[in-house]
Amino acid sequence: MMRRSLIAGNWKMNGDRAMTAQWCARVARELGREYAADGVGKVAAAGGVADAGGAYFANANDDDAAEIAVCPPHILISAAVDALAGSCVGVGAQDLDANESGAFTGQTSARMLADGGCRYVIVGHSERRALYHESDQSAAQKAHTARAAGLCAILCVGETRAERDAGDTEKVLARQLDAFLDALCGDAPGYSAAPAGVVAYEPVWAIGSGRAATPQQAQAAHHFLRARIAARDARVAAQCRILYGGSVSGGNAAELLAQPDIDGALVGGASLKADDFLAICGAAS
Ligand code: PGA
């Protein structure tokens, strides 16, 4: 089955209002402003082909067109939502709280994100696991809450260098994925209407290092993840998009995205510059 590519930018704790305004204006202009009624961004430009400066994308009716999203820091989400209104670029958050509301100082709920115009939320990023003690269970709970609120949860999984060197990559991925699968394959009444989940394979050693996994390393991990999902639910496995993240750039994106089980990219550093991000989006269509 055909899975539509998803290219999502993760700004991490970078950016300000001026950068957000410039980035969004540039990306919306380049990717076109045609809005798909199904709520899923279709990359398009007026007239069908991107105008001067980047003939990146085919026309709006082309189902091969990639879905594009950006995840700025919470404080910049509303500026991004406003600046990208009516464009094909969706907005997401980088984290959320699993609780619905209440005395959780500093936290943001799934409903607040959805209400604020987000369509996506990243959960279980390795920086949150390492720096803020996020557990597999807490990431899974967040994913569950996000999906119940109508958000597309992007669950990050990935091994450290030491885990890879010890031959534990699959063991770690299985552990991280399994808690999430209960949310992804859950079939509580009405739950099937929740947006599909997305998994992002992000080897910790590749993040921010400038040295991405090779296409073969990434494909092997993605294949393992899809097979593990298939063991639970073959239909979900066929539909679930598995993104690669870790030093994705305009230079390596095409080769990574050409792998059969790589359905898009989660882009950190290279998402901060609109032109670099656009080059990666171009490689996805
Ligand atoms: P990077 O980050 O592209 O800068 O390696 C990816 C991520 O952490 O999501």
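Note that ligands are numbered from 1 as they come in the structure, with each ligand's atoms numbered from 1 the same way. Values in this document were obtained by computation on a predicted structure and should not be read as measured data.
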### Message
Tell me whether Arg111 at atom CZ has more than 12 heavy atoms from other residues, nucleotides or ligands lying less than 6.0 Å away.
### Response
no
### Task
Would you mind telling me which of Val267, Thr20, Leu84 makes a side-chain contact (heavy atoms from CB on, under 4.5 Å) with Val70?
Leu84
### Polar contact flag, side-chain donor to acceptor under 3.5 angstrom, Tyr201-Glu159
yes
### Task
Check whether the side chains of Tyr120 and Glu67 place a donor and an acceptor atom closer than 3.5 Å, and report yes or no.
yes
### Query
What residues sit with at least one heavy atom under 4.0 Å from ligand 1?
Asn10, Lys12, His125, Glu202, Ala206, Ile207, Gly208, Gly246, Ser247, Leu266, Val267, Gly268, Gly269
### Query
Knowing that exactly one of Arg228, Arg226, Arg241 qualifies, which makes a salt bridge (Lys or Arg N to Asp or Glu O under 4.0 Å) with Asp261?
Arg226
### Message
I'd like to know if the side chain of His223 pairs up with that of Gln259 as donor and acceptor (distance under 3.5 Å, no hydrogens or angles considered).
### Response
no
